[in-house]
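Structure first, commentary second.
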Amino acid sequence: MIVPPLFSPIPPAIHPRHADVEVRTTAWAEAHRIGSDELRRRLVRHAIGSFAARVMPAGREEVVQLMADFVLWLFGVDDGCCEEGDLGRRPGELAQTLHRLLRVAQNPEVPLMLDDPLAEGLRDLRARVDGYGTAGQAARWVSHLREYFFSVVWEASHRGAGTVPGLSDYTLMRLYDGATTVVFPLLEMAHGYELQPYERDHRAVRAAEEMASFVITWDNDILSDHKERAAGGYFLNVLRVLEEGGLTEREAMSTAIAQRDRVLTAFVRLSDHLSAAGSPQMRQYMAGLRSFVRGSQDWGIGSIRYTTPDDPAGLPVAFTDTPTDDSREPLPIDAVSWWWDVVPPGPSPVEHLVAARPGRARLVGTA
């Protein structure tokens, strides 16, 4: 099916050293033997370095490199262990493997999985996270990795049973199994700052993060649909979820695009307000979330991972500045409808953040 141009109000950008990042990521994958030889040959052709360079167009080059290597590692886990490997249909065994990897991320010195390439690569990544970030950022990176691991086990339970979750459950799972949250601490590291807890933990900031994750993962589902259907076997994305709910393939595409358009317009309004109300670090963080959204879009329509030149997917080559749905009503999805509680013109997150600054008596509206 042809994917129409997607709405994107965020301007594109790319780090000037993106070509160097790409070369080093290929070398890193080979040095650490990430995935099988066949999988690794595929991954290094997917322009993952340019993806990181689009997400962090003005970031510290060493952190852009860290992100590129980390994303390739994540694909090694997701493609190698979950989607293409036998573990992807055996959630109990997958959980055991991922739990060991989590221990390596928490404590790289533990003598676990010493001959495992994914564990070796993870030890290197953790050392660099420690070198470029704070202790708090490293702890959040590990915590978000746990969220990702937990969600892909959930997905494996459906893959093993051949079942498709409902839309609300799928949305909740997709906020984490897309591994978007694991990138959030890197956005701070890339510019050498750390959000203060009164901002980072604010309900409106969490809504903005989840909205960004929603748009990124819905875009990924839309752009990868052709590749996944062509591969045969079990696949799971929002289009299939909507089709299982009774929509035709064309209706599912239109509905998914409308959903991401409504969330993206709400995200822009909310991030504008948070940028106006917050600290300089908050303004940088909102800019980072926006770059993450747009960088994922530009990479998605250009990477051979999704364009599949041997069997061309009907992907757009440009974006539109007109959403198909800009309603200010919440999406009728239970897991995320609360986002609109903090999006203007509801209770203003500007007032809440001002009230939350140090020296104020109380924090309004947190969760």
Side-chain angles (χ1 to χ4, degrees), residues 18-53 65-91 93-98 100-101 104-105 112-125 145 148-149 151-153 155-156 158-160 162 177-179 182 217 220-221 223-237 240 296 299-315:
H18 61 91
D20 295 324
V21 172
E22 194 73 62
V23 169
R24 290 193 294 263
T25 293
T26 297
W28 186 85
E30 294 293 344
H32 291 277
R33 300 175 293 119
I34 301 300
S36 67
D37 291 345
E38 178 186 354
L39 175 59
R40 190 163 61 253
R41 279 194 295 269
R42 279 187 277 133
L43 291 179
V44 299
R45 298 175 61 230
H46 289 169
I48 294 170
S50 73
F51 169 61
Q65 189 69 58
L66 168 62
M67 180 178 170
D69 297 348
F70 179 44
V71 170
L72 188 140
W73 183 89
L74 286 168
F75 279 134
V77 174
D78 195 53
D79 290 2
C81 293
C82 301
E83 293 190 5
E84 300 176 11
D86 292 338
L87 288 179
R89 292 171 175 78
R90 300 201 295 266
E93 293 178 46
L94 178 62
Q96 185 179 51
T97 296
L98 296 180
R100 288 171 176 161
L101 283 173
V104 170
L112 290 176
M113 306 179 75
L114 296 177
D115 296 323
D116 186 280
L118 286 174
E120 179 192 355
L122 185 56
R123 284 185 170 92
D124 175 74
L125 293 167
L145 193 62
Y148 164 69
F149 285 167
S151 63
V152 296
V153 170
E155 184 179 13
H158 284 289
R159 187 181 292 108
D177 77 353
V182 196
T217 53
N220 180 263
D221 283 2
L223 297 176
S224 67
D225 182 63
H226 174 80
K227 174 181 79 77
E228 292 179 339
R229 290 180 194 268
Y234 181 87
F235 70 95
L236 183 60
N237 65 32
R240 183 173 183 191
S296 299
W299 179 70
I301 67 170
S303 172
I304 65 169
R305 181 175 177 86
Y306 306 116
T307 60
T308 58
D310 293 337
D311 176 22
L315 303 187

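Counting begins at 1 with the first residue of the sequence. Quantities reported herein were computed from a predicted structural model and do not represent experimental measurements.
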Least distance between heavy atoms, [X] atom then [Y] atom:
X      : Y     : answer
Leu94  : Cys81 : CD1-CB, 4.4 Å
Gln65  : Thr25 : NE2-OG1, 3.0 Å
Val44  : Ala29 : CG1-CB, 4.0 Å
Leu43  : Gly76 : CD1-N, 4.0 Å
Gly121 : Trp28 : O-CZ2, 3.7 Å

Roughly how far apart are [X] [atom1] and [Y] [atom2], rounded to 0.5 Å?
X      : Y      : atom1 : atom2 : result
Arg305 : Ile48  : CZ    : CD1   : 7.0 Å
Leu74  : Asp69  : CG    : CG    : 11.0 Å
Leu112 : Arg123 : CG    : CZ    : 7.0 Å
Leu72  : Thr26  : CG    : OG1   : 8.0 Å
Tyr148 : Leu98  : OH    : CG    : 7.5 Å
Glu30  : Arg40  : CD    : CZ    : 4.5 Å

Looking at residues at least two apart in the chain, or sitting in another chain, which of them share a side chain to side chain contact (heavy atoms under 4.5 Å, CB included) with [X]?
X      : result
Arg42  : Glu38, Leu39, His46, Glu84
Ser296 : Phe51, Ile216, Phe292
Thr217 : Arg174, Thr180

Quick check: do [X] and [Y] have side-chain heavy atoms less than 4.5 Å from each other?
X      : Y      : value
Met113 : Leu118 : no
Val152 : Arg159 : no
Arg41  : Asp37  : yes
Phe235 : Lys227 : no

Parallel, tilted or perpendicular: which describes the rings of Trp73 and Phe149, with under 30° parallel and over 60° perpendicular?
tilted
Is the backbone of Ser50 close enough, under 3.5 Å, to the side chain of Glu22 for a donor and an acceptor to pair up by distance?
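Answer holds: yes.
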Sidechain N-carboxylate O distance under 4.0 Å for Arg24, Asp20
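Between Asp20 and Arg24 there is no salt bridge, as every charged N stays at least 4.0 Å from the carboxylate O atoms.
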Under the side chain to side chain contact (heavy atoms under 4.5 Å, CB included) test against Leu66, which residue among Leu125, Asp124, Val21, Val71 passes?
Leu125
Would you sort out whether Leu145 and Leu122 count as a side-chain contact (heavy atoms from CB on, under 4.5 Å), showing the intermediate values?
CA-CA 11 Å; Leu145 193 62; Leu122 185 56; 4.3 Å; yes
Within the supplied structure, the quantity of interest is the number of heavy atoms (other residues, nucleotides, ligands) at a distance under 6.0 Å from Asp86 CG; does it exceed 12?
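Check fails, neighbour count at 12 or below.
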